[in-house]
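Just so we're on the same page: letters track the sequence lines, and every chain starts at 1. Bear in mind that the values here come from a model prediction, so they are computed numbers and not experimental data.
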Amino acid sequence: MIMERIVVDKVSKKFRIGCRRRKDTVARMISIFSGKEPKKIIWVLKDVSFSVRAGEVVGLIGENGSGKSTLLRTISGIYNADGGRVRTKGKILFIWSRLTSLGRRLTMKDFIYLQCSLFGLSRKSAKKRFDSIVDFSELGEFVDTKLYQFSEGMKQKISFSIAVHCDPLILLMDEVFEVGDEKFRAKSRKKIRELVSKGASVIVVSHNLSLIRKYCDRVLWLDDGRIAGEGECGKVLKSYVVAETSKRKK
Amino acid sequence: MDIKRTMELGLALARADFKNSNENSYLGILWYPLNPLLMFGLLLAVFSTRLGNNIPNYPLYLLIGIIMFNFFRKTTVGSSSSIIRNAVLLKSVKFPRESLVLSVVLKSLFSHIFEVVILFAFLVFFQNSLIGMIFYPILLMFLFIFVLGFSMFISAVSVYFADIENIWSFATSLIWLGTPIFYSIGGQARLLFVNMFNPMYYFITAARDIVIYSSMPEMWMIAGIVLYSFVSLFVGLAAFGRLKHRFAELV
């Protein structure tokens, strides 16, 4: 029987966001004085349901603000769903581009230990994997350099190297699927394939459709918090492109 | 809550924060004891012949008050912004949120230990009995519990009410003046009554009894310490546990 690693069942998520409202002078003065802004509730995810099996790579596409990152955060448990439920099996790691800003003033070595600890490794097991993480990142000569002196590409390499060494069974990647130079990309692809072949599941968020077509077994298309399409890459991507083009024409 | 993971992560975050805050500083960790020491020197110069006239071993009396209050103030003020300061972290990883507050308390505990070493040196210098220092760690353990609970509460509440951070920073200055740190309560009944509701009064008075005067604190003082510590921890954990689920969305 094929194991389902992620089951998202009728999940909804709301946020209170700042908005502009017609106000009388007194209300406006109070608002200026207190700095408080009026809030309204928006539903970022609406009744989203799908599942991801072990050993599957799923692409997640949609316009900016369609709820992709919120969905990944809800799956990883960073956000609690306001409706429905998420069930997962295995260790979840969420990687996004700002992960390295946590340790801007730390050396690469200290950052690796901190990040491993955040990803659930004990200091002892982080120590055991340290050399392997550094080797994989190809940044061995910068171990004692502070992170703010690194280029964006170098930082992404470190984040990726740490994540794949922390035994993830569910890897959620927000716009960070292909990082670094071509050599590193090839190595990352191989590593992800290795994890997937061992039963891990991957969800990739990207605006790069050719990348999605190349690596994903299936695609989910999120539009205004709802699933607008799901299934085989070619078909869903085609409808997505058509919808986007017609929106632009309008 | 996974206590082992929370502890490990709290320690890792404290270590990272410690390295961050000492970066590019010439005096580095020397700043930790230097700050209370400068305050001590100033207050001693101003008050030793006035308010400290009738207080036996006034320099030690003053130093204990300063370092214990410093631990309380630094930790709670630091904690009040600890969740908001770590917005990116909260949005990136699911981890026990309690470890963020724990890291602030551990970092302060580390600098408090530096200050205790200085206190020890002063005890030797003034030829005071050292026997009381053996019991100080027990008192420190209760202070740690009290401060941890209080920090949990204030860090969680300030995510929902941003004003708390400023209010608390101001309130600690008032509490500093209200606590008998550089003066003695003497016979002032009203001041004593107010201090009954000030947990730091209990901790500081008990520490002076034990460390300087090598005497057992009064029973009601010990009862106050135990009560304030566990009530603080209970309320802090309960409030934090209730509010923590929405931290990532609100910061």
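The candidate with the highest count of non-hydrogen atom pairs below 4.5 Å against chain A, out of B:Ser92, B:Ala16, B:Ala12, B:Ala162, is B:Ser92. Counting heavy-atom pairs under 4.5 Å between each of B:His245, B:Lys91, B:Lys19, B:Glu8 and chain A puts B:Lys91 at the top.
Taking both residues in full, the closest heavy atoms of A:Ile170 and A:Arg5 are given as CD1-O, 3.7 Å, listed atom of the first, atom of the second, then distance.
In this structure, B:Arg97 forms no cation-pi arrangement with B:Phe240, as its terminal cationic atom is not both closer than 6.0 Å to the ring centre and no more than 45° off the ring axis.
The part of A:Ser76 that comes within reach of chain B is its backbone (N, CA, C, O), which places non-hydrogen atoms under 4.5 angstrom from that chain. Contact annotation for A:Phe94: both backbone and side-chain heavy atoms come within less than 4.5 Å of a heavy atom of chain B. For a residue to count as touching a neighbouring chain, one of its non-hydrogen atoms must lie under 4.5 Å from one of that chain's; by this rule A:Ser122 touches chain B with backbone and side chain alike. For a residue to count as touching a neighbouring chain, one of its non-hydrogen atoms must lie under 4.5 Å from one of that chain's; by this rule B:Leu13 touches chain A with backbone and side chain alike. Using a 4.5 Å cut-off between heavy atoms, B:Lys4 does not touch chain A at all. Using a 4.5 Å cut-off between heavy atoms, A:Asp110 contacts chain B through its side chain alone, with no backbone atom that close.
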> Yes or no on salt bridge (charged side-chain N to carboxylate O under 4.0 Å, His left out) for A:Asp167 and A:Lys198, after CA distance, side-chain angles and deciding distance?
Replying inline: CA-CA 11 Å; A:Asp167 316 318; A:Lys198 285 181 188 163; over 6 Å; no
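To the nearest 0.5 angstrom, A:Leu121 atom CG is 8.0 Å from A:Ser117 atom OG.
Remark: B:Asp17 engages B:Lys107 in a salt bridge, criterion side-chain N to carboxylate O under 4.0 Å.
Counting only distance, with no hydrogens or angles, the side chain of A:Ser159 and the backbone of A:Gln156 share no donor-acceptor pair below 3.5 Å.
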